[in-house]
Peer 1: 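Before anything else, here's the structure in question.
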There are 2 protein chains.
Amino acid sequence: MADVAAVAGVSHQTVSRVLNNHPNVRSGTRDQVMEAIRKLGYRRNRAARALATSHSSTIGILTIGSEFFGPQSTVLAIEAAARAQGYFVSVTALDRYDAHSATEALNHLVDQGVDGVVMVAPFEKVIDALDDAALKIPVVVVAARTSVPASDPARYVYVDQREGARLATGHLLALGHRKIAHVSGPTGWFDATERQIGWQEKMLEAKAPIIEVPAESWLAPSGYEAGKRLVDSVRVGEVTAVFAANDYLATGILRAFWEVGLDVPTDVSVIGFDDLQISNFLIPSLTTVRQPFRDVGHAALTELLEGDTADKSPKVIAPTLVMRASTAPPKSQ
Amino acid sequence: MADVAAVAGVSHQTVSRVLNNHPNVRSGTRDQVMEAIRKLGYRRNRAARALATSHSSTIGILTIGSEFFGPQSTVLAIEAAARAQGYFVSVTALDRYDAHSATEALNHLVDQGVDGVVMVAPFEKVIDALDDAALKIPVVVVAARTSVPASDPARYVYVDQREGARLATGHLLALGHRKIAHVSGPTGWFDATERQIGWQEKMLEAKAPIIEVPAESWLAPSGYEAGKRLVDSVRVGEVTAVFAANDYLATGILRAFWEVGLDVPTDVSVIGFDDLQISNFLIPSLTTVRQPFRDVGHAALTELLEGDTADKSPKVIAPTLVMRASTAPPKSQ
DNA sequence: TCACGAAATGTTAGCGCTAACATTACTTCG
DNA sequence: CGAAGTAATGTTAGCGCTAACATTTCGTGA
C-alpha cells in the first residue's frame, strides 16, 4: 500500500480511503490512486484488514455430507449469494451426525474468525452443539425447527416441510386414496419429523388410517427395504399409495415394487419429496414435492447479513407439488 | 494473548511458543500456560497470525455446480482431509463454464489469501484461466488432462477416465457385443474426451464400428434425447449396446428405451460411468464404472500440501467396473 | 481581501501475533 | 566451585492495514 501511495504521490491513508470508497477524496486523486493500483497490480492484504477492522468478510457454512441433494444445493446458493456480496465462504462438512462432531465443526469455523455461520445440517443434535457453543456471532440455521425457544439467538430459514407433506398427502387423497402409507425419514431429523406430522395431520383430517414404515436412513437402500416390507400390504389392498419421505427412498421403493411385479401407479401410487435431477426420468417418472433450495440459500444469507435484530421469526418458504406419472387413482375404486 | 501471559506469569512470547509447540519450553511452564488458556477460553486470532506469518492456513477450492456428483464428492473429501491437517477451506463455485468465470473465481480465492488452490472443474477452459492468472501459490487441478506442457506449474490428479472407458467397452465386447454406441459427454470437458478416446481405442482394437451420439450436457434430459435418437438403430440391430458417458445420461437412456418398449438388457445393454447413489436401484440396476472420488480428494490435498516439487507427474487413480443388471450378451448372438 | 468553516489529505498509533535478537537460568565438567 | 555452554524466557520490532486525530487546502461571504 505504501508503494501505491508513493506512485500516486499521496499518503497510504488516502489509498485506503480510495479503496474503502470514502466520500472525501477528490476525484482526480482517486483516479491517480486507481491508476497506481492498476499499474502495480496491487491487492489489499486481507489478513491485515481483518486484523485492523476485526471482521473477516468470511462466513462459515456447516453442512452435511455429499449424499444429500438439498443441503448441497443450498450451500451452493449461499456461496453464490455471499460472493456477490463480497464475502468469502468457508465450508466445513460433518462426517457424523452427532452433537460432538457439530461442536467441533463449529469451533473450527469460529477459530477461523468467521463473521457469521449458516448451519445447513437439519438434524436435531446440531441444536445442542449450538447451545453449547454460545457463539458471539450471528447464526442462521437452515432447518425446519418449528418450536424455537425465545432464548435461542439463532435465526431459522426453512422450507415448510409440513405443508409439503400435506400437499403430497392431499394429492393422494384427492386421487381417491385412503390407505396411504408413509415411509418416514430417520429419527432425529427435523425434516423427517415435519413430513411425518404433515402427513399424519392430513390423514387424521380425512379419517384415514395411519400406516407408517420408518426408514433407517434417507437413502435408496433404506427405501428398498421399506418397499419390501410394504409389498404384502399392497398386495392385499391394505396400502394403495406410499408417501416416501424423500426421492431416494422413493427410488428404492419403486425398485422394490418393480422386483415383485407390482406396477406403479396401477397397483400402487408412489410420491416422493425433493425433486432430484433424475426424478423425472425414473420408471415411472416420480410425482414429488419440489423444494426451492436456491431460494433457501439466498434467504439464509440475507437473514445472516441483513437480518433485522428485532424480527427473529423464521423465514418459511413454500414447496410445490410436481405431478408426474407415479401417482394415479387407486385400482379398486 | 497478553492476558494469558499475565495469568500464567510468563511473557506473551512464551505463550506463543507453547501454542506453536516450540521445543524449548519447560513442561511446567507449558502446563501453566495451557491452564491459563483453558481458564480464559483464549483463542488465537487468526488474522494476526496470518499477518505475522504471511500464510493463512487456508486452501481454496474452485468447483462447479451442484448438478455434478463427482466434483461434489471430491470437494467434500478434500475438505475433510484439509480439516484433519488443520487447514481451512474456502469454496467457490462456478456459475458458468467459461474462462472468464473461472478467472474471476480464482481471483476471489487469491484475494482471500489462500495458501493453495485445488481446482475441481474438469472442463478445458479452466486451463486458460489458470494460465492467465499466473499464480504464485501452488495449484492442483483435478482433471484428466493427459497432455500437460512442461511449462505448466500446476499438478494434476485424476481418475483414469480412458481406462474406465476401456473397462466399460471391454466388458461389453466380452459379452459379445460389437455394435456399441457411445453417448459421449459434452465437448470441452476432459472427462468426455478421455472416455470417448478409451471407448474408441477399444473399438478399433476389436475392429468394431464407431457409432457416437454426442450429448448436449451431462444430465438426464440429454441422455433421454440421445436415447430417443438411438431407438431406431437398436430396433434394426445396428446398435446392441450403449456406453453412456455418465450415469445421468444412462438414466435418461434407460428411460427413453423403456418408453418405446425396448427391454434393457434383453434388447440392448446399457453401461454408465460414475456409480451414483441410486444407480443400483434403477430399473434395471445399472452396470457402471465407479470412480473413487474420496481417494481423488485425498490425493489432491496431499499433492497440494506435500507435493514433491521435483515430481510433477500426475497422480492417476484407477476406476473399477461395477457389474449389475443392465448389461447382458446381445440377443441374436 | 481575509477570516472562517468544510473538504481533503497527512500523521500517528495500534489491531494480535511471530521472528529475531537479548537476556537470564540452569547444567555440566574440569 | 566457577567458567563455559545450553536451555528457557523476555524484549523489541514489524507484518499491512484502518481509525482517530492533526493538519493543510480550498471555497465562501462580509
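Side chains are part of it too, since the values below use all heavy atoms of this structure and drop only hydrogens, waters and symmetry mates. Residue numbers begin at 1 in each chain, while the letters A, B, ... track the order of the sequences.
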Peer 1: Please examine the side chains of B/Val118 and B/Val142, heavy atoms only from C-beta on, and report whether any two atoms are closer than 4.5 Å.
Peer 2: yes

Peer 1: From CZ of A/Arg26 over to P of D/dT24, roughly how many Å is that when rounded to an integer?
Peer 2: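 Going from CZ in A/Arg26 over to P in D/dT24 covers 16 Å.
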
Peer 1: Quantify the bending of the helix from C/dT1-D/dA30 to C/dG30-D/dC1 as the angle between its end axes, each fitted on five pairs, to 10°.
Peer 2: 40°

Peer 1: Taking only residues two or more places apart in sequence or in another chain, which ones pass side-chain contact (heavy atoms from CB on, under 4.5 Å) with B/Val7?
Peer 2: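 By the side-chain contact (heavy atoms from CB on, under 4.5 Å) rule, B/Val7 matches B/Ala36, B/Lys39, B/Leu40.
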
Peer 1: What one-letter contact string describes nucleotides 11-20 of chain C from 5' to 3', where B marks a base within less than 4.0 Å of any protein heavy atom, S marks contact via sugar-phosphate atoms alone, and - marks no contact?
Peer 2: BB--BBBBBB

Peer 1: Below 30° counts as parallel, above 60° as perpendicular, anything between as tilted: where do the rings of A/Phe68 and A/Trp189 land?
Peer 2: tilted

Peer 1: I'd like to know if the side chain of B/Asp160 and the backbone of B/Ile317 have a donor-acceptor N/O pair within less than 3.5 Å.
Peer 2: no

Peer 1: CG of A/Asn24 versus P of D/dA22: gap in Å, rounded?
Peer 2: 17 Å

Peer 1: According to side-chain contact (heavy atoms from CB on, under 4.5 Å), who are the partners of B/Gln85, at least two apart in sequence or on a separate chain?
Peer 2: B/Tyr87, B/Leu301, B/Leu305, B/Glu306

Peer 1: Sequence neighbours excluded, which residues qualify as ring pair (Phe, Tyr, Trp, His ring centres under 6.0 Å) partners of B/Phe69?
Peer 2: B/Phe293

Peer 1: In chain order, what residues pass the side-chain contact (heavy atoms from CB on, under 4.5 Å) check against A/Ser16, with sequence neighbours excluded?
Peer 2: A/Met1, A/Gln13, A/Asn20

Peer 1: If only atom types and distance count, is the side chain of B/Arg46 paired as donor or acceptor with the main-chain N or O of B/Ser56 below 3.5 Å?
Peer 2: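 Yes, B/Arg46 side chain to B/Ser56 backbone: donor-acceptor pair under 3.5 Å.
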
